[in-house]
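Notes to accompany the following structure.
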Protein chains: 2
Amino acid sequence: MRKDHKQLSDHCQQCITGVMDAQDVLSGKWKIQIISVLYYEGKQRFMDLTRRFEGIAPKVLSKELKDLELNHLVTRTVLETTPVMVEYDLTPEGKSLNAPLEALGAWGISYRKSIMKKNTD
Amino acid sequence: MRKDHKQLSDHCQQCITGVMDAQDVLSGKWKIQIISVLYYEGKQRFMDLTRRFEGIAPKVLSKELKDLELNHLVTRTVLETTPVMVEYDLTPEGKSLNAPLEALGAWGISYRKSIMKKNTD
DNA sequence: CGGTATCCAATGTGATACTG
DNA sequence: CAGTATCACATTGGATACCG
């Protein structure tokens, strides 16, 4: 008799939802790079990031940062200088992303190796 | 004197690339769910998946599966029955995704809790 | 059963110019 | 400096019908 497979266990479902939440807040071409730079180098200004990701359109960078801010992963601080400067930094939630991202990054590195090996066979 | 910040260390860069590789092969609305179902329930036929993800268009499911197959995360096996049946299953690389996905899922779960708490404050 | 073909709307990304 | 406004273009996801 065939096992009934209509539904995954609650734990699995929760985990899948968690992954998709993460995928969601990390969607977009630049968010992971932004988070990484903030993590490894600390707070950055808008222009710092513009220069770092050479070629990124300001509109796009602006949107990525707004998304991250809305999702409570980065903070935006206006410094009352002239002209004004704005600093972006990670929240605790943003910093806590480092551990799972390292895990995923390690997978990606070994995945890439295994694919390259396939292609030389 | 300010620290020179032009470049992240090689290890960081590699890790970021790894994360982005992963993000790349997991892009799309259904890939993570497909991988999860295959992981927790074993091989599935096209129609199984169509039913599981109620409402998914066959064109879309077909594309997701093709992407996964091209990236060596799933296998596609044609059974010579009449009419033909096709089974999809995870490759070892696909299975190896489970560990980092669990890590990311755990983050997502605690992230969701922390956001919900913020909203009730 | 396991797809493809066609058409469509929404979204994402980018180039460029401009503003307070 | 830190963005916004506008236009253009590619990609994504979906509805529906059809095919071998």
Side-chain angles (χ1 to χ4, degrees), chain A residues 2 5 16 19-35 37-38 41-71 73-90, chain B residues 2 5 19-35 37-38 41-71 73-89:
Chain A
R2 195 164 181 287
H5 273 332
I16 295 171
V19 176
M20 292 176 69
D21 282 351
Q23 185 182 227
D24 222 57
V25 301
L26 296 177
S27 73
K29 196 171 175 181
W30 307 93
K31 291 202 182 68
I32 288 173
Q33 296 178 74
I34 292 170
I35 289 173
V37 168
L38 290 177
E41 304 194 353
K43 54 191 170 192
Q44 303 279 323
R45 287 181 298 147
F46 193 87
M47 190 46 63
D48 294 332
L49 296 170
T50 301
R51 271 193 276 267
R52 160 87 50 179
F53 307 124
E54 204 169 344
I56 188 175
K59 189 192 78 172
V60 176
L61 177 56
S62 174
K63 183 185 181 297
E64 297 284 79
L65 289 169
K66 253 177 204 161
D67 290 347
L68 291 171
E69 195 192 354
L70 273 172
N71 288 324
L73 296 180
V74 312
T75 58
R76 176 179 180 276
T77 308
V78 179
L79 305 178
E80 295 303 342
T81 55
T82 39
V84 294
M85 294 200 301
V86 178
E87 276 179 353
Y88 292 91
D89 202 355
L90 289 183
Chain B
R2 195 163 180 289
H5 273 332
V19 175
M20 292 175 70
D21 282 352
Q23 185 182 228
D24 222 58
V25 300
L26 296 177
S27 74
K29 195 171 176 182
W30 307 94
K31 291 202 181 69
I32 288 172
Q33 296 179 72
I34 292 170
I35 289 173
V37 168
L38 290 176
E41 304 194 355
K43 54 192 171 191
Q44 305 278 322
R45 286 181 300 147
F46 194 88
M47 190 46 64
D48 293 333
L49 295 170
T50 300
R51 270 192 276 266
R52 159 87 51 180
F53 308 123
E54 203 171 344
I56 189 174
K59 188 193 77 172
V60 176
L61 177 56
S62 173
K63 183 184 182 295
E64 298 285 78
L65 289 168
K66 252 178 204 161
D67 290 347
L68 290 171
E69 194 192 353
L70 273 172
N71 288 323
L73 296 179
V74 312
T75 56
R76 178 179 179 276
T77 310
V78 180
L79 306 178
E80 295 303 343
T81 56
T82 39
V84 292
M85 294 200 301
V86 178
E87 276 179 353
Y88 292 92
D89 203 355

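Order of the sequence lines fixes the chain letters, A, B, ..., with proteins taken first and strands second; residue numbering starts at 1 for each chain.
- With a 4.5 Å cut-off on side-chain heavy atoms, A/Leu26 and A/Ile35 count as touching.
- Contact detail for B/Met85 and B/Thr81: the closest heavy-atom pair is N-OG1, 3.4 Å.
- Results of the side chain to side chain contact (heavy atoms under 4.5 Å, CB included) test with A/Tyr88 over A/Asp48, A/Leu65, A/Thr75 single out A/Leu65 as the only residue that passes.
- Remark: B/Lys31 NZ to B/Leu73 CG distance equals 9.5 Å, nearest 0.5 Å.
- Along DNA chain D, the stretch of nucleotides lying under 4.0 Å from any heavy atom of chain B spans, 5' to 3', D/dG13 to D/dA15.
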With the sugar-phosphate defined as primed atoms, P, OP1 and OP2, and the base as all remaining atoms, what B/S/- string results for nucleotides 13-20 of chain C, 5' to 3', for protein heavy atoms under 4.0 Å?
BBB-----
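- For the pair B/Met85 CE and C/dG2 C1', the interatomic distance rounds to 11 Å; values are reported in whole Å.
- Distance check: A/Gln44 CD to A/Asp89 CG gives 9.0 Å after rounding to the nearest 0.5 Å.
- The nearest whole Å value for the distance from the CG atom in B/Leu79 to the P atom in C/dG3 is 11 Å.
- Across the protein-nucleic acid pair, B/Phe46 atom CZ and C/dT4 atom C1' stand 10 Å apart, rounded to whole Å.
- Between A/Lys29 and A/Glu64, the closest heavy-atom pair is N-OE2, 3.5 Å.
- Note: A/Leu70 CG to A/Arg76 CZ = 11.5 Å, rounded to the nearest 0.5 Å.
- Computed from coordinates, the B/Met47 CE to C/dG2 P distance equals 6 Å when rounded to whole Å.
- Taking all atoms of both residues into account, the shortest heavy-atom contact from B/Val25 to B/Leu68 is O-CD2, 4.1 Å.
- Residues B/Arg51 and B/Ser62 both approach DNA chain C. Their nearest nucleotides, taken by heavy-atom distance, put B/Arg51 toward the 5′ side.
- Looking at B/Glu41 and B/Arg52, their side chains come closer than 4.5 Å, going by heavy atoms from C-beta outward.
- The closest side-chain heavy-atom distance from B/Leu61 to B/Trp30 is not below 4.5 Å.
- Using five terminal pairs a side, the axes of the helix from C/dC1-D/dG20 to C/dG20-D/dC1 at its two ends make an angle of 50°, given in steps of 10 degrees.
- The CZ atom of A/Arg51 lies 7.5 Å from the CZ atom of A/Arg45; values are rounded to the nearest 0.5 Å.
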